[in-house]
Amino acid sequence: MSFQLRPYQVRAVEKLRAAAGNRPILVMPPGSGKTGAAVNVIYRALKDGHRAAFVVHRRELLDQASDRLKSVGLDPGLFVAGERVDLSRPVQVCSIQTLYRRLPNVPSAQVVIFDEAHHCVSDTYQKVVEAYSTSTIIGLTATPYRLDGKGLGRLFGEVVEPTSYDELARENVLIFPTVYAPDEPNMRGVRKVAGDYSMAAALPLMEKLTGRVVEHWLRHRPGRTVLFGCTVDHCRLLVAAFNAAGVSSEVLHYATPKDERAETLLRLRAGTTQLVACVTLLTEGWDLQELACVSIARPTASRALHVQMVGRSMRTAPGKTSALVLDHAGNHPRHGFAWDPHEYTLADGLVESASAPAPGKQCPECFAFYVGRVCPQCGHEPEPEPAPEETDEQLAVFRGRRAAPESEKRELYRAMLLEASYCNYKLAWARHSYRRNFGVWPRFADLERSTYTCTRHGEEKEDKVYGWKRAVRCARCLQPLTAQPQRSSH
């Protein structure tokens, strides 16, 4: 083959081949190379004398898959309306709509790969899968969950997850963008359609923020940007505002002719157009590695859509060291970061929007969305809330809790220490929390040393007498400054 797979892609291919009889679904983040792994699977299948089909649901994805196959020396046929069909070619890139319309006369294939496989629970997909009942079926997706809670186990039997966001960030495959969330519109009472917010109902809320969307983009001036709006008319309104502010902007939608759409995206790639606005056209299957910013003016109850929108900015490119997400729709307070860990299941019942958001918050100074006590962008540190005074009645209740088993106390204190570390709180916060629960101070020094992470060791000092001698200790973790505390990250 003419391209080199990364180690995690090699793992993906091997796991897919090992699970071939169980209809595996490959789960990898947006921009991590699912198509590259799938092309490798197809290449091996053809080398073994088999035929293959790559199934997509949009024309853009069809062209992208075809180009990728051609880049490794394969010459695919196109099984789509409006194209001349050549079934003699051993690999076909197929439109799901065309396959469905021509049932049962589908191209012969021993290996069938479904892109964006979270769509596969529909009747259209299920009937196409039935036509390939004797073939090896493989799914590809970054978000194996749905807003309606329908499990993908209806078609697939095993999740293959060869990598994680953290690994991809360490290997410089993806970057975690800086997130600013200056607006959080109140969506209470906004009508929903099929589980997601009605864009017609959300539009009046978002139209009021047009000036804010432009203002915050101009504040950062990040460069090439994709903006997601509620409706096509909303996108036109936003683009008109950006053009009035001197930012070269265009609108894309499904009715845009194919050639005109391609020219617009070429202008964005070249930088002559700085911003392209759309509703959902660019959420799946489109990537511009150099994209600097995603601006979100489209609220959603769908975590999958949230991940897909943010994921457009996460690809790395030569010279690209950072990216920006401007969330004016409240999606980050609603869903957390797109790269937060997420448990996957093929069973029914996992409603994608029900995932617990990360404990993030908005900085009141610069509007950054972050986790921790100190804003990483501007350094703002909120004043700690004063601890409530304990009444005699509360202390009596606390003393009654001292009968809890030692193991239970230990596990609870471990959780308190982890939270203190995660949020950059002082060790004293965990100790006081324990005392408020059990009425006594914790006596788990070993647990404190092994679990609590002091992120600013030595930054603050206090000189106190401990026993018979004076010692200088860190005010955050109370460990001697001459000895680095365990698990310290600095």
Side-chain angles (χ1 to χ4, degrees), residues 145 149 159 161 164-166 303 333-337 339-345 347 349-361 370-374 381-458 460 462 464 466-467 471 473-481 483-490:
Y145 39 80
V159 173
E161 189 181 4
S164 64
Y165 279 99
D166 287 339
R303 186 177 191 272
R334 189 175 300 116
H335 300 293
F337 292 105
W339 52 89
D340 286 339
H342 199 70
E343 293 185 6
Y344 304 127
T345 177
L350 176 63
V351 179
E352 52 169 284
S353 61
S355 57
K361 55 188 173 186
Y370 68 99
V371 173
R373 182 162 181 80
V374 180
E381 183 173 4
E383 292 293 329
E385 295 183 5
E389 295 185 3
E390 297 168 342
T391 64
D392 292 340
E393 181 181 354
Q394 288 174 319
L395 288 175
V397 173
F398 296 152
R399 292 191 183 99
R401 293 182 186 174
R402 276 192 269 181
E406 192 75 4
S407 60
E408 181 182 327
K409 292 181 179 180
R410 187 178 179 87
E411 285 307 308
L412 181 61
Y413 191 44
R414 182 192 302 275
M416 294 172 178
L417 290 168
L418 287 172
E419 184 174 356
S421 300
Y422 190 70
C423 296
N424 289 329
Y425 296 158
K426 293 183 179 180
L427 177 62
W429 179 90
R431 290 184 172 182
H432 280 280
S433 298
Y434 182 93
R435 183 169 180 264
R436 283 196 294 271
N437 274 273
F438 298 108
V440 294
W441 295 105
R443 296 186 178 182
F444 302 113
D446 62 319
L447 202 58
E448 293 177 348
R449 288 193 296 270
S450 64
T451 306
Y452 178 72
T453 303
C454 181
T455 57
R456 287 154 56 185
H457 186 66
E460 303 175 53
E462 59 182 17
K464 290 187 177 181
Y466 294 87
R473 297 177 180 251
C474 172
R476 300 188 70 83
C477 66
L478 306 181
Q479 295 295 312
L481 290 177
Q484 190 79 353
Q486 295 184 21
R487 292 173 52 83
S488 178
S489 62
H490 45 277

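These numbers come from a predicted model, not from an experiment.
Put simply, the side chain of L412 does not reach to within 4.5 Å of the side chain of Y434, judged on heavy atoms. You'll find the side chain of L447 reaches within 4.5 Å of the side chain of R410, heavy atoms only. A heavy-atom distance below 4.5 Å is found between the side chains of L417 and L427. In this structure, R431 and M416 have side chains that are not in contact, with every pair of non-hydrogen atoms separated by 4.5 Å or more.
Applying the salt bridge (charged side-chain N to carboxylate O under 4.0 Å, His left out) test to E419 and every residue at least two apart in sequence or in another chain returns nothing. Residues passing the ring-ring contact (aromatic ring centres under 6.0 Å, His included) test with W339 are F176, F337, sequence neighbours excluded.
Looking only at distances, a side-chain donor or acceptor of K361 sits under 3.5 Å from a matching main-chain atom of G372. Between the side chain of R373 and the main chain of P382, a donor-acceptor pair closer than 3.5 Å is present.
A distance of 9.5 Å separates OG of S433 from OH of Y425, quoted to the nearest 0.5 Å. The CZ atom of F444 sits 10.0 Å away from the CZ atom of R414 when rounded to the nearest 0.5 Å.
Across every non-hydrogen atom of A430 and Y413, the tightest pair is O-CE1, 3.6 Å.
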